[in-house]
Every structure is written in structure tokens, then in C-alpha cells.
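From a predicted model like this one, the values you see are computed outputs, not experimental measurements. Counting from 1, the numbers follow the sequence of the chain as shown.
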Amino acid sequence: SEIFSYSTPLFLSSFFTVFLNRIDILMLSYYLSADQIGIYSIANRLAVLVFFIASSTFAIFSPAMAKLLGKGQRADIEKFLHRVSKLVLIATIPIFLIIVILSKEILGIFGKEFEIGNTALLVLASSFLLNSFIGFAGQILGVMGRSKLILLNSVGASFINIILNYILIPHYGIMGA
């Protein structure tokens, strides 16, 4: 059925997204000590805060995009995405800046030893900032019914992450993840 052929790739994509978010920790545990994994884990969880506004916005505005697409109003979709992206930018940049400016102090809340995760936090926060701006592409693909392309993207990202982790973690530790 049409629902099954659309939803199965989305289900599998969700699996690969969770896998992608956890593989760093799994691979770090093979190469590094528990304290290094803890530092990375805290840095990663803090960096995710940068993406919070964008991910919430995706969920809220996807039905509106689907409605516009269903009506064939592509020009309105473009305007809508421009406005929503601007709102995401306005809301996300301050969170990002707070994390960047106060990164050592924020990590220090968890203990002085966590402050060495500062650079990892900055890199992760930057990647989540970038994802906040390009993340709408996946939502648009979903609204357009391109679930197989979303799955292909998730699988590709997972394999690239595994390969890069395998190459970089032994040499760069938590920065390689």
C-alpha cells in the first residue's frame, strides 16, 4: 500500500538517525576511557541545545508546508520557509553564542575536569547550528513524499560517520568523533 511504502523508509530513517546519534559514543568506548566518553557525552548533550529550536520548529511548521504544497502554492512555500528560517536564526543564534562564550563555565558546572571538552563542545555546537539551517531540507522532502531519499540520506550519513570515526577517533580522541 502507499502508506506502507511511504512510512517504512521513514521508520528505517528514524532508526538510522538514532544510530547516527549513538555511534560516536559506542566507537569512543572502544578507543577511549570512560572519563573521556563522559566529557564527550556532556559536550554533545549541551550542543544539542543549539538544535532544539530548529527541531521544534520543523515539527510545528511541517503541516503548514504540506498544506501549501497540497494547494500547489510553491511561491508561498518559498516565502514561508524564508520567514521560518529567519525566526529559527533569530532564536538559535543567541543560544549558540551563549554556549560559545560561556562554554568553559557551562562545562565547569559538571566539574573542572569537564572543561577540557570545550573544543569538542564548540565543534559540536557549530555542527548543530549548521544543521539548524539545512535541516529544513529533510522536512521538505518528507512533506513532498520523498521518504526513500530521506532514508538514503540517513544511511549515507551513518556510514560516513562510522568511517570518519574509525579514522579520526584513534588520532584525535573526542575531537575525532
What donor-acceptor contacts under 3.5 angstrom involve side-chain atoms of residues 121-128, with partners at least two apart or in another chain?
unit_1, atom_1, unit_2, atom_2, d
Ser126, OG, Leu122, O, 2.8
Ser127, OG, Leu124, O, 2.7

Sorted by chain and number, sequence neighbours left out, side-chain contact (heavy atoms from CB on, under 4.5 Å) with Ser56 holds for Phe52

Going by the rule ring-ring contact (aromatic ring centres under 6.0 Å, His included), which residues pair with Phe80 if we only count those two or more places apart in sequence or in a different chain?
Phe61

Tyr172 meets the side-chain contact (heavy atoms from CB on, under 4.5 Å) criterion, sequence neighbours left out, with Leu168, Met175

Just grab all the side-chain hydrogen bond (donor to acceptor under 3.5 Å, both in side chains) pairs involving residues 95-106, residues at least two apart or on different chains.
Ser103-Asn118

Taking only residues two or more places apart in sequence or in another chain, which ones pass salt bridge (charged side-chain N to carboxylate O under 4.0 Å, His left out) with Glu115?
Lys112

Ser5: what forms a side-chain contact (heavy atoms from CB on, under 4.5 Å) with it, not counting sequence neighbours?
none

For Ile3, give me all partners under side-chain contact (heavy atoms from CB on, under 4.5 Å), at least two apart in sequence or on another chain.
Ser1, Ser7

Any side-chain heavy-atom pair of Val100 and Phe96 under 4.5 Å:
yes

What heavy-atom pair brings Asn165 and Met27 nearest, and what distance separates the two atoms?
CB-SD, 3.4 Å

Compare all side-chain heavy atoms of Tyr166 with those of Tyr31 and state whether any distance is below 4.5 angstrom.
yes

Residues passing the side chain to side chain donor-acceptor pair (under 3.5 Å) test with Asp35, sequence neighbours excluded, are Ser33

Report yes if the side chains of Ile169 and Tyr40 come closer than 4.5 Å at any heavy-atom pair, otherwise no.
no

Distance-only donor-acceptor pairs under 3.5 Å for side chains of residues 149-162, two or more places apart:
unit_1, atom_1, unit_2, atom_2, d
Ser154, OG, Ser13, OG, 2.7
Ser154, OG, Ile150, O, 3.2
Ser158, OG, Phe16, O, 3.4
Ser158, OG, Ser154, O, 2.9
Asn161, ND2, Asp24, OD1, 3.1

Could you note down all residue pairs passing side-chain hydrogen bond (donor to acceptor under 3.5 Å, both in side chains) where residues 86-101 supplies at least one of them, sequence neighbours left out?
none

